[in-house]
Structures are given as C-alpha cells and as structure tokens.
Amino acid sequence: MSNFDFLKDEWQELYEIANEAESCIYSKPIYTCILNRNALENAVLWMYKHDTDLKEPYDTQLSALVAEPSFIRIFSDEPQIIQKIHVIRKAGNLAAHDSRRITQNDALQSTAELFHFLYWFA
C-alpha cells in the first residue's frame, strides 16, 4: 500500500511515478528526488493544459511555470503549497546535478512535500 493510492483511479501516471519514488526513499534517495520532481512537473503541466486561467510563460521550464503570477495566484489562500513545490523542485535539481549532497532525509522530505502537493492537486 502506498501513501499515493488516492491517485490510482484518476491519475495513474502520477501514481506510478510517486509510488516508485516512495518505494526508493531509503535505497535510492537520489532517484526518489528526481522522480518526485518529475511527478511535480507532470502535474504542473497538466494544470497549464487544463486551466484556462493559467498563462503559460515564454520559458516553459518548471522554475518559470511555478513562478508565473497566474500560477502563484491559485495558491493565494495556501501559500505553503508554493513552498512545498520549491522544496520538491530544488531537491530534484540537486539530485540531478550534485547528487553527493542528497540524503535519505532529503528524499523523505521531498516525498512528503509531493504527497501534500498531489493531495491538493487531486
């Protein structure tokens, strides 16, 4: 059983990525952080595709997408979600570019933040 089972029915692809990330927290923390960032990016891209209130920026990298004012405005009542997004994004970037600095605790925190974001998302 996974903490991400709530995604299974409607968000199968996100479930598979998040479930795999969760299963590797202690054995492959670098991989976990990269997968968490991938799940985040997939969810954010889905939001841009389906929410007409979101204005896609010229630069479509994840950092630009989550910094877009129309995206941030969605979280005006829950600014902590934006903080969680940045934790996931930064851990994933660090894992991809400087993996020596990633610990099991980083993977655990990134996965916990992904859970909160995807719970909000779903």
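Keep in mind that the numbers below use all heavy atoms, side chains included, and drop hydrogens, waters and symmetry copies.
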Minimal non-hydrogen separation, Val44 against Leu65, with atom names: CG1-CB, 4.0 Å
Side-chain heavy-atom pair Trp120, Lys84 within 4.5 angstrom cut-off: no
Closest non-hydrogen atom pair, Val66 against His86: CG2-CE1, 3.7 Å
Interatomic distance, Leu7 atom CG to Ile17 atom CD1 [nearest 0.5 angstrom]: 10.5 Å
Flag side-chain contact, heavy atom, 4.5 Å: Asp5 against Ser2: yes
Student check: side-chain heavy atoms of Asp51 and Ile74 closer than 4.5 Å: yes
Under 3.5 Å donor-acceptor, Ser70 side chain and Leu54 backbone: no
Stepwise side chain to side chain donor-acceptor pair (under 3.5 Å) test for His50 and Trp46: CA-CA 6 Å; His50 292 92; Trp46 186 95; 3.2 Å; yes
Side-chain donor/acceptor of Asp106 to backbone N/O of Thr103, under 3.5 Å: yes
Residues Phe71, Met47; criterion side-chain contact (heavy atoms from CB on, under 4.5 Å); working and verdict: CA-CA 9 Å; Phe71 184 84; Met47 290 172 68; 3.6 Å; yes
Closest heavy-atom pair and its distance - Ile34, Ala95: CG1-CB, 3.7 Å
Side-chain donor/acceptor of Gln104 to backbone N/O of Tyr26, under 3.5 Å: yes
Any Ile85 side-chain heavy atom under 4.5 Å of Phe117 side chain: yes
Distance-only side-chain donor-acceptor flag, Glu22 / Thr111, under 3.5 Å: no
Criterion side chain to side chain donor-acceptor pair (under 3.5 Å) on Tyr48 and Glu68, from CA distance to verdict: CA-CA 11 Å; Tyr48 272 91; Glu68 165 54 38; 5.4 Å; no
No-hydrogen, no-angle side-chain donor-acceptor test under 3.5 Å, Tyr15 and Glu10: no
Side chain to side chain, Gln12 and Glu16, heavy atoms closer than 4.5 Å: yes
Backbone N/O of Ala91 and side chain of Ser110: donor-acceptor pair under 3.5 Å: no
Donor-acceptor pair, side chain of Thr32 and main chain of Cys24, under 3.5 angstrom: yes
Separation between CG of Asn42 and CG of Leu35, rounded to the nearest 0.5 Å: 10.5 Å
Phe6/Trp11 under ring-ring contact (aromatic ring centres under 6.0 Å, His included): CA gap, chis, key distance, verdict: CA-CA 9 Å; Phe6 67 92; Trp11 311 103; over 10 Å; no
Over 12 foreign heavy atoms within 6.0 Å of CG, Asp98: yes
CZ-CD1 distance between Arg101 and Ile30, expressed to the nearest 0.5 angstrom: 12.5 Å
Shortest non-hydrogen separation from Ala43 to Leu14 and the atoms involved: N-CD2, 4.0 Å
Within 6.0 Å of CD in Gln80, more than 12 heavy atoms from elsewhere: yes
Glu20 CD to Ser23 OG distance, which is reported to the nearest 0.5 Å: 6.0 Å
Side chain proximity check, Leu114 to Phe121, heavy atoms < 4.5 angstrom: no
Atom pair CG (Asn19) and CG (Asn3), whose distance is rounded to the nearest 0.5 Å: 9.5 Å
From Lys28 atom NZ to Cys33 atom SG, the distance as rounded to the nearest 0.5 Å: 14.0 Å
Co-membership, hydrophobic cluster, residues Ile25 and Tyr31, 4.5 Å side-chain: no
More than 12 heavy atoms of other groups within 6.0 Å of Glu13 CD: no
Over all atoms of both residues, closest heavy-atom pair of Asp77 and Pro79: C-CD, 3.6 Å
Minimal non-hydrogen separation, Arg89 against Leu40, with atom names: N-CD2, 4.1 Å
